[in-house]
Amino acid sequence: QVQLVESGGGLVQPGGSLRLSCAASGFTLDSVVIAWLRQAPGKEREGVSCIGDPADGANYADSVKGRFTISKDNAKNTVYLQMNNLKPEDTAIYYCVADGHYFCSAHGGPVQPEYRYDYWGQGTQVTVSS
């Protein structure tokens with residue numbers, strides 16, 4: 001059974017850090033692109049970051065560049081999103097998604113939040129507030 005399970009969300013003060021995890025089962029990460037999307041209340045879904053073949057690099061939304069880092073551990077079949085210097089505007093539900101046909105590179109276009117990704121996690125809430 002194909003499954004993506006996110007964890008690591010929570011409440012953090014502005015300037016703090018969180019690390020989100022996305023554990024995959026039923027397929028191997030080296031065969032797909034993993035992206036993180038987020039959606040805040042009353043706002044449209046936003047593409048945050050993606051990673052595919054490490055040789056192609058990773059892609060980040062301008063709003064998180066320099067603060068977020070995506071990484072992949074193929075041995076654990078898990079993707080991480082390290083989020084530093086968090087801001088209140090980072091508050092959202094974060095979704096891990098995967099697709100075998102999507103392309104991601106450091107020099108590619110922005111992560112497409114409305115692309116029909118094959119697989120979705122259940123989402124994890126991140127709240128940045130003092």
Side-chain angles (χ1 to χ4, degrees):
Q1 182 182 0
V2 174
Q3 199 171 15
L4 294 172
V5 179
E6 302 104 330
S7 60
L11 173 64
V12 64
Q13 292 186 341
S17 298
L18 284 174
R19 188 178 77 159
L20 304 184
S21 299
C22 173
S25 59
F27 63 94
T28 55
L29 290 181
D30 58 4
S31 63
V32 299
V33 164
I34 295 287
W36 287 95
L37 313 178
R38 67 185 182 186
Q39 188 161 22
K43 294 188 176 181
E44 293 186 350
R45 191 179 300 152
E46 177 186 18
V48 176
S49 183
C50 67
I51 186 168
D53 187 332
D56 295 322
N59 195 291
Y60 298 93
D62 288 342
S63 57
V64 306
K65 276 180 183 175
R67 300 188 297 122
F68 289 14
T69 303
I70 192 170
S71 62
K72 181 191 289 190
D73 186 335
N74 285 336
K76 295 182 178 180
N77 222 32
T78 299
V79 170
Y80 303 98
L81 185 69
Q82 178 67 44
M83 305 185 296
N84 298 328
N85 190 21
L86 282 160
K87 304 176 181 181
E89 50 264 41
D90 295 317
T91 295
I93 299 175
Y94 284 70
Y95 297 93
C96 171
V97 296
D99 195 278
H101 304 285
Y102 192 71
F103 180 72
C104 171
S105 76
H107 305 291
V111 180
Q112 298 300 314
E114 298 306 323
Y115 181 83
R116 292 181 180 273
Y117 297 94
D118 290 337
Y119 307 114
W120 288 71
Q122 81 285 358
T124 186
Q125 177 71 47
V126 171
T127 303
V128 185
S129 175
S130 54

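Bear in mind the structure is a predicted one, so any value in this text is a computation, not a measurement. Values below: every heavy atom of this structure, side chains too, minus hydrogens, waters and symmetry copies.
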Could you tell me whether the side chain of [X] and the main chain of [Y] form a donor-acceptor pair under 3.5 Å?
| X | Y | result |
| --- | --- | --- |
| E6 | C96 | yes |
| D99 | D118 | yes |
| S130 | Q13 | no |
| S49 | N59 | yes |

Do other residues, nucleotides or ligands put more than 12 heavy atoms under 6.0 Å from E44 CD?
no
pair Y119-V32: side-chain heavy atoms closer than 4.5 Å:
no
Determine whether V33 and I51 make a side-chain contact, defined as any pair of heavy atoms from C-beta on separated by less than 4.5 Å.
no
Please identify each residue that fulfils salt bridge (Lys or Arg N to Asp or Glu O under 4.0 Å) with E46, with sequence neighbours left out.
R38
Output all residues satisfying salt bridge (Lys or Arg N to Asp or Glu O under 4.0 Å) with K65, sequence neighbours left out; order by chain, then residue number.
D62
Compare every heavy atom of V126 with every heavy atom of M83, then report the nearest pair and how far apart it is.
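Result for this residue pair: CE-CG2, 3.9 Å.
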T127: which residues meet the side-chain hydrogen bond (donor to acceptor under 3.5 Å, both in side chains) condition with it, sequence neighbours left out?
Q125
Nearest 0.5 Å, please: how far is [atom2] in [Y] from [atom1] in [X]?
| X | Y | atom1 | atom2 | answer |
| --- | --- | --- | --- | --- |
| Y95 | R45 | OH | CZ | 7.0 Å |
| I34 | C50 | CD1 | SG | 10.5 Å |
| H101 | Y115 | NE2 | OH | 7.0 Å |
| S31 | N74 | OG | CG | 9.5 Å |

Tell me which pairs pass ring pair (Phe, Tyr, Trp, His ring centres under 6.0 Å) where either residue lies in residues 61-89, with sequence neighbours left out.
none
Which pairs count as ring pair (Phe, Tyr, Trp, His ring centres under 6.0 Å) when at least one residue sits in residues 30-60, sequence neighbours excluded?
none
Inter- and intrachain pairs under salt bridge (charged side-chain N to carboxylate O under 4.0 Å, His left out), touching residues 8-18, at least two apart:
none
Any salt bridge (charged side-chain N to carboxylate O under 4.0 Å, His left out) involving residues 66-81? Give me the pairs, sequence neighbours left out, ordered by first then second residue.
R67-D90
Table please: side-chain donor-acceptor pairs of residues 14-29 below 3.5 Å, with sequence neighbours left out.
residue: S17; atom: OG; partner: N84; partner atom: OD1; Å: 2.9
residue: T28; atom: OG1; partner: D30; partner atom: OD1; Å: 2.8

Using the rule given for side chain to side chain contact (heavy atoms under 4.5 Å, CB included), can you reason through Q3 versus V5, listing the C-alpha separation, both sets of side-chain angles and the distance that settles it, and then say yes or no?
CA-CA 7 Å; Q3 199 171 15; V5 179; 3.9 Å; yes
Give the table of side-chain donor-acceptor pairs shorter than 3.5 Å for residues 102-109, with sequence neighbours excluded, one pair per line with atom names and distance.
residue: Y102; atom: OH; partner: Q112; partner atom: N; Å: 2.9
residue: S105; atom: OG; partner: H107; partner atom: N; Å: 3.4
residue: S105; atom: OG; partner: G108; partner atom: N; Å: 2.9

Shared hydrophobic cluster, [X] / [Y] (ILVMFWY, side-chain heavy atoms < 4.5 Å):
| X | Y | answer |
| --- | --- | --- |
| L4 | V48 | yes |
| V79 | V2 | yes |
| Y94 | V64 | yes |

For L11, which fellow cluster members are found when Ile, Leu, Val, Met, Phe, Trp and Tyr are connected by side-chain heavy-atom distances below 4.5 angstrom, either directly or through intermediates?
none
